[in-house]
Each structure stands twice: as structure tokens, then as C-alpha cells.
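I have placed the structure first, in the form of C-alpha cells, so that the comments after it can refer back to it.
Given the structure is predicted, the values throughout are model-derived calculations rather than measurements. Order of the sequence lines fixes the chain letters, A, B, ..., with proteins taken first and strands second; residue numbering starts at 1 for each chain.
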Protein chains: 2
Amino acid sequence: MKRVWESTEREKKVLDLYIKLRRSVSSVERRIASKNPLPERLTMSQFAVLEALFFHGPLPQHVIAEKILSSTGNLTFVIDNLVKAGLVKRVPDERDRRIKNIQLTQEGSELIAKTFPNVADAIVTSISVLTDQEIDELSRILKILGTEQRN
Amino acid sequence: MKRVWESTEREKKVLDLYIKLRRSVSSVERRIASKNPLPERLTMSQFAVLEALFFHGPLPQHVIAEKILSSTGNLTFVIDNLVKAGLVKRVPDERDRRIKNIQLTQEGSELIAKTFPNVADAIVTSISVLTDQEIDELSRILKILGTEQRN
DNA sequence: ATCTAATAGTTTGATATGGAATAATAGGCG
DNA sequence: CGCCTATTATTCCATATCAAACTATTAGAT
């Protein structure tokens, strides 16, 4: 194979780190999924929306999108399905008629209240391989990485 | 809001860590994407396949799937598009006729050789906010998290 | 040799995802 | 007030993703 790219030690480490970062996320997610914390009728995206509404009250779509790291285009579809399932309602905002506040229905509220502890427990379990100290350190470094900065 | 879930300190930290983990990945990915390291015609998935082939030579689909963290079902679609674009070929394995080895074409090989350095550079830049020490520490902890273990 | 279990890849269906275009509305400014 | 620009949500399109069902093939057991 032709050598087209020579890398420094640091470059190698960084590329390796990037792969580890992705792998660790999918690994954690697989562990979470393996505990089946969600009821049949909910997908992870749907859960994320319900959770945001549960903890913050009614929210317009673009706020939800930002919270759950999704595009608004995408969210329309997710919320459509939640509406069909009777778990949320779209309530037109009185002040700004572009806005439709997304609101939990009674049924949605009960479902997320019942489901959240399971998911939280699955997440905690999936990360339980780390010591308290590692959790703190990881938290500190990821915070830097997750901060938006100019390139 | 009704309190349905009381958490310990550690639980709070872990849930917070999980969010940070996801955010940092999408944040890093956004920074990578913002440098536009890929040519028009390539998606990230396609790039990942080409990269694997470039560094490992021809591979059967299920091996590629494992390397790039994708399902084989999904990969069929990605590779279909690469075949259409003339960047890879499906070559039936002589020994095991279930297997089709995926092989770079001349064009695919040239494209990935030209593209890889851009992507590598974008990744390195996106993580350049971390110090060498933080990279090592993060690498160590993520390795633990990425390891498959019983739940 | 034949039967059975495992493996490789494809197909299908549902959901997810981002980007671009569109429509409706809001809010600022002359 | 009326125009201009930004914001919000929707729609559409291509790609991505997983799971499950399915086909072909191989390998192991008897």
C-alpha cells in the first residue's frame, strides 16, 4: 500500500482517541439498550422528547431540537409520531403564532414518569465500570471537548 | 412537577456524564464537518468504508460492518452507492461463495488517498483544544468505557 | 452422505438524520 | 404604516440506521 500520509505521535493519538470516543458511545448505548429500559411503543428519540418536556414543561420545537441535539426538520417527524400516539399535543402559542408549544398529554406524562427511572438506571449501570474519580475526570475533559469554540 | 425520581450524587453525576459524552461527540463531529474535509460526492459512512479498505485491503462486508460500527443490512446500502459511484467493486470470494470481498477501484483508491489527509487534519484540529495529558487520560478512560463487558 | 446449526449478505419496513427550500409570522426601522 | 430581515415550523429528499425475515452457502455432527 502506498504511503500517502505520515503522522506524528500526537496525530496518531488523536485519531485513535476519536475512534475510542465513538466506540465508547456506541458501546455504552448498546449496554443501555440491552437492558430494554423502554416500553415497546417508545423509541429513544421519542423518549428524549418526552423527557425534555417532563423536566422543562411545554417547549417550542426549536428548543427541544437543541436540547436533544436534533434538527427541527427531523423533530417534526418524531413529534408527529408522538402526537399520533397521543403522548403529546401541539398547542399554538398565543403571542407568537409561528410557535407551537409541545405539551405532554396526561398519558404521555404518566408514561415518561414510569419510564424515566428505568432509563436512568440503565444509564447508571452502563457506566458503572468507572470509578467515581474516573467519572469526575472524564466529566471535566468532555466538558472541554463539548464546548463550542471557533474551530 | 411531581417528583418521581430521587437520585444520589453519583447517579446525578453519571447521568450528567452521559449527556456530556453524547454532546462532546456531536460537538466534535460538528467541528469536523465545519471544515468540509470531504469532497461533494462522499458521505461520512462512505468515507469510513473507503478508509477501512484503504488501510486493510479488500474486506468482506461483515468485517467492514464491524470496523465502522454499522449493521450489515445498512452496509449493503452504503456499498451499493459506492458501487454505483464506481469507487468499489464486489468481488466474489473463491473459497467461500457466501462472501463478497469489497475492493477499491482505481478511482476509489485515488479518491480516498486524496481525501484521508483532509479528514485526519479536521479530526486533529477538532480535538486540538485538549492538552497531550488530557488526550492520554481521556484515551485511558474511554478505553474502559468502550470495552464490552457483561452489562 | 445427510442433516443441522451457523454465517454472509440482501431485502424490507420503520425510524432517524441533516440540508435545502418553503411558508407564515414577528419585529425592527425608516 | 409598509418594507426588510430573522425566526419558527413544515416539507421534501437523500442517506443512515437497526431489526427481522429471508436466501444461499458453509461447516460440523452423526
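Judged by closest nucleotide on DNA chain C, Asn101(B) is the one of Met44(A) and Asn101(B) placed further toward the 5' end. Each of Arg98(A) and Asp80(A) was assigned the nucleotide of DNA chain D with the nearest heavy atom; the assignment lying further toward the 5' end belongs to Arg98(A). Nearest-nucleotide positions on DNA chain D place Phe77(B) closer to the 5' end than the other of Phe77(B) and Gly73(B). Place Arg95(A) and Ser70(A) on DNA chain C by their nearest nucleotides, and Ser70(A) ends up nearer the 5' end.
The residues Asp93(B) and Lys100(B) are annotated as not salt-bridged, no charged nitrogen and carboxylate oxygen being separated by less than 4.0 angstrom. Asp16(A) and Lys20(A) are joined by a salt bridge, as a carboxylate oxygen and a charged side-chain nitrogen come within less than 4.0 angstrom of each other. Under the 4.0 Å criterion applied to side-chain N and carboxylate O atoms, Arg41(B) and Glu107(B) are assigned as salt-bridge partners. Taking the charged nitrogens against the carboxylate oxygens, Arg140(A) and Asp136(A) have no contact shorter than 4.0 Å, which rules out a salt bridge.
Comparing atom distances between the Thr76(A) side chain and each of dG9(C), dC18(D), dT10(D) picks out dT10(D) as nearest. Nearest to the side-chain atoms of Ser71(B) among the listed nucleotides dA8(C), dA16(D), dC18(D) stands dC18(D). Candidate nucleotides dT15(C), dG9(C), dT11(D) were compared by shortest atom distance to the side chain of Ile99(B), and dG9(C) ranks first. Comparing atom distances between the Asp96(B) side chain and each of dT26(D), dA26(C), dT10(C) picks out dT26(D) as nearest.
Spacing between atom CG of Asn81(B) and atom P of dT17(D) amounts to 12 Å, rounded to whole angstrom units. Here the C1' atom of nucleotide dT15(D) and the CG atom of Leu42(B) are 13 Å apart, to the nearest Å. Note: CD (Gln46(B)) to C1' (dA14(D)) measures 11 Å, nearest angstrom. The nearest whole Å value for the distance from the CD1 atom in Ile68(A) to the C1' atom in dT15(C) is 13 Å. Rounded to whole angstrom, the span from the CG atom of Asp93(A) across to the P atom of dG27(C) amounts to 10 Å. Between the CD1 atom of Ile102(B) and the C1' atom of dG9(C) there is a distance of 10 Å, given to the nearest Å. Here dC18(D) presents its P atom at 16 Å from CG of Leu38(A), a figure rounded to the nearest Å. Following rounding to the nearest Å, Leu59(B) (CG) and dT7(C) (P) show an atom-to-atom distance of 19 Å.
Side chains of Glu110(B) and Gln106(B): a donor on one and an acceptor on the other come within 3.5 Å. Between the side chains of Arg90(A) and Gln103(A), not a single donor N or O lies within less than 3.5 Å of an accepting N or O.
At the heavy-atom level, Thr43(A) lies under 4.0 Å from the strands shown only through sugar-phosphate atoms. Residue Thr72(B) is in base contact, counting any heavy-atom pair closer than 4.0 Å across all strands shown. Residue contacts shown for Asn74(B) include a base, since a base heavy atom lies under 4.0 Å away.
Under 4.0 angstrom from either OP1 or OP2 of dA9(D) there lies at least one side-chain N or O belonging to His62(A). In this structure, Gln61(B) reaches the dT10(C) phosphate: one of its side-chain N or O atoms is under 4.0 Å from OP1 or OP2.
For dT25(D), its base never sits under 3.5 Å from the side chain of Arg97(B) at any donor and acceptor pair.
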